[in-house]
**Q** 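Below you'll find the structure I mean.
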Amino acid sequence: MIPVDGSRQLHAAIPGSRLIEIEDEGHMDWFADPTRLIDLTRAFIDAPDATV
């Protein structure tokens, strides 16, 4: 597992990348209820290149 700071550094180093941190969620909590992850993934896929 990678500490969240590693993800933040990677995001900062990749121009145009997007990092979404879901409050009160652990690293694997989406297994129990994937609804939020599915919604974010759909929004990312459906969004124009600008922002989500």
**Q** At what distance, to the nearest 0.5 angstrom, does CZ of Arg8 lie from CD of Glu21?
**A**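 One finds 4.0 Å between CZ of Arg8 and CD of Glu21.
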**Q** Side-chain donor-acceptor contacts of residues 31-43 below 3.5 Å, not counting sequence neighbours, with atom names and distances?
**A**
from: Asp33; atom 1: OD1; to: Thr35; atom 2: N; distance (Å): 3.2
from: Asp33; atom 1: OD1; to: Thr35; atom 2: OG1; distance (Å): 2.6
from: Thr41; atom 1: OG1; to: Leu37; atom 2: O; distance (Å): 2.8

**Q** For Leu10, enumerate each residue passing the side-chain contact (heavy atoms from CB on, under 4.5 Å) test, keeping only those at least two apart in sequence or located in another chain.
**A**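 Checked Leu10 against side-chain contact (heavy atoms from CB on, under 4.5 Å); matches are Ile14.
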